[in-house]
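The structure appears below as structure tokens.
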Amino acid sequence: MRALLIACAAVACVPAVACSQTSDRDAKFRLAQTLEQAGDVERASALYEELMAGDSTNVVLLDAVQRVWMQLKKYDQVIALLDRRIAGAPRDPSLCAQLGSVYYRANREQE
């Protein structure tokens with residue numbers, strides 16, 4: 001009986017932990033957005049990068065990382081990020097256009 005109660009308690013805690021992790025990520029994302037809007041792009045970038053390490057498929061997050069890296073003029077990192085995104089969606093013309101824009105801003109027009 002006691003083992004059954006412990007097992008039920010453990011199962012009941014799993015959704016709470018998952019929910020807590022989700023809300024922590026959401027809170028961190030909102031903090032990064034606030035920092036970005038306040039002009040603290042470097043701290044926002046660090047938070048976005050940390051979030052991206054845990055979820056590298058979230059398009060909203062990838063766009064945020066790309067945006068702050070552009071502001072910080074981390075063109076090589078943006079190019080690498082866009083190359084990975086294009087590999088996953090090779091027929092997306094907007095990603096190709098974004099890549100061309102980054103090359104232009106980085107004064108690497110011939111590439």
Side-chain angles (χ1 to χ4, degrees):
M1 179 70 162
R2 186 174 186 190
L4 180 61
L5 288 174
I6 291 172
C8 289
V11 170
C13 290
V14 171
V17 171
C19 183
S20 173
Q21 290 173 347
T22 301
S23 64
D24 288 346
R25 283 194 311 262
D26 291 344
K28 194 173 285 190
F29 183 76
R30 285 191 303 274
L31 175 59
Q33 286 179 315
T34 302
L35 289 169
E36 182 183 357
Q37 291 170 356
D40 195 348
V41 182
E42 289 190 22
R43 284 181 52 201
S45 176
L47 287 172
Y48 285 139
E49 289 170 23
E50 185 179 325
L51 289 166
M52 188 176 69
D55 184 6
S56 62
T57 61
N58 184 325
V59 175
V60 174
L61 183 57
L62 294 173
D63 287 341
V65 169
Q66 181 179 329
R67 189 174 54 247
V68 294
W69 283 351
M70 287 297 292
Q71 291 178 41
L72 294 170
K73 298 182 180 180
K74 294 183 176 183
Y75 300 124
D76 290 334
Q77 288 176 273
V78 176
I79 290 168
L81 176 65
L82 284 169
D83 282 340
R84 285 192 304 272
R85 291 180 71 185
I86 290 170
R91 294 180 182 231
D92 188 341
S94 70
L95 291 175
C96 295
Q98 289 175 34
L99 182 60
S101 175
V102 176
Y103 277 125
Y104 180 78
R105 288 184 183 185
N107 287 326
R108 295 167 54 182
E109 296 170 12
Q110 292 183 358
E111 292 180 54

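Below, each value reflects all heavy atoms present in this structure, side chains not excepted, and no hydrogens, waters or symmetry copies.
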Would you say [X] and [Y] make side-chain contact, with heavy atoms under 4.5 Å?
X	Y	value
L81	D83	no
R25	D55	no
V59	R85	yes
W69	Y75	no

Between [X] and [Y], which heavy-atom pair has the shortest distance, and what is it?
X	Y	result
T57	L62	C-CD1, 4.4 Å
A44	A32	CB-O, 3.4 Å
A87	P90	O-CD, 3.8 Å

[X] [atom1] to [Y] [atom2] distance, which is reported to the nearest 0.5 Å:
X	Y	atom1	atom2	value
L95	R84	CG	CZ	12.5 Å
Q98	D63	CD	CG	6.5 Å
L47	Q33	CG	CD	11.0 Å
L51	E49	CG	CD	10.5 Å
Y48	L31	OH	CG	9.5 Å
I79	E111	CD1	CD	6.5 Å

Discussion item. Is it the case that the side chain of S45 and the backbone of V41 share a donor-acceptor pair, with hydrogens and angles ignored and the cut-off at 3.5 Å?
Written reply: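 No: the side chain of S45 does not pair with the backbone of V41.
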Fill in: All pairs passing salt bridge (charged side-chain N to carboxylate O under 4.0 Å, His left out) where residues 33-43 contributes a residue, at least two apart
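Listed by first then second residue: E36-R67, D40-R43.
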Discussion item. Give me each pair satisfying salt bridge (charged side-chain N to carboxylate O under 4.0 Å, His left out) with a member in residues 92-107, each pair once, sequence neighbours excluded.
Written reply: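 Not a single pair qualifies under salt bridge (charged side-chain N to carboxylate O under 4.0 Å, His left out).
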Same hydrophobic cluster for [X] and [Y], using side-chain heavy-atom links shorter than 4.5 Å among ILVMFWY?
X	Y	value
V60	L82	yes
Y104	V102	no
V65	L35	no

